[in-house]
Amino acid sequence: MSATDRPVWITGVGLVSCVGEGEAHHAADLGGQPPMLDCSDPAPYARYRFPPFAFEPQIPKKVDQRQMAQCQRLGTYAAGLA
């Protein structure tokens, strides 16, 4: 087995959505109210707003956070949770 053929283990799933972060937020919302839908910006399209996340545990450097778009920050954050 070469160095590039090592097995990979996935130990968790980074669950991040407009509901919140983690299993607890999602389980609580399965039977509850749906997330708030924002139809104001950009009109006439509707979208769900993400709650504020503290990215520092997964992306400690502020300079890295500023260089990333929102989708990159959320993806990196979710990958760090996994």
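Below, each value reflects all heavy atoms present in this structure, side chains not excepted, and no hydrogens, waters or symmetry copies.
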Practice prompt. Quick one: pull up CD1 in Ile59 and CD in Gln67 and give me the separation to the nearest 0.5 Å.
Written response: 11.5 Å

Worksheet, complete the sentence: So the salt bridge (Lys or Arg N to Asp or Glu O under 4.0 Å) pairs with at least one residue in residues 64-82 (sequence neighbours excluded) are none

Worksheet item: Do Thr76 and Gln58 come within less than 4.5 Å of each other through their side chains, counting heavy atoms only?
Response: no

Worksheet item: Under the side-chain contact (heavy atoms from CB on, under 4.5 Å) test, which residues partner Phe50, sequence neighbours left out?
Response: Val16, Phe53, Leu74

Worksheet, complete the sentence: With sequence neighbours left out, the residues meeting side-chain contact (heavy atoms from CB on, under 4.5 Å) with Cys71 are Ala69

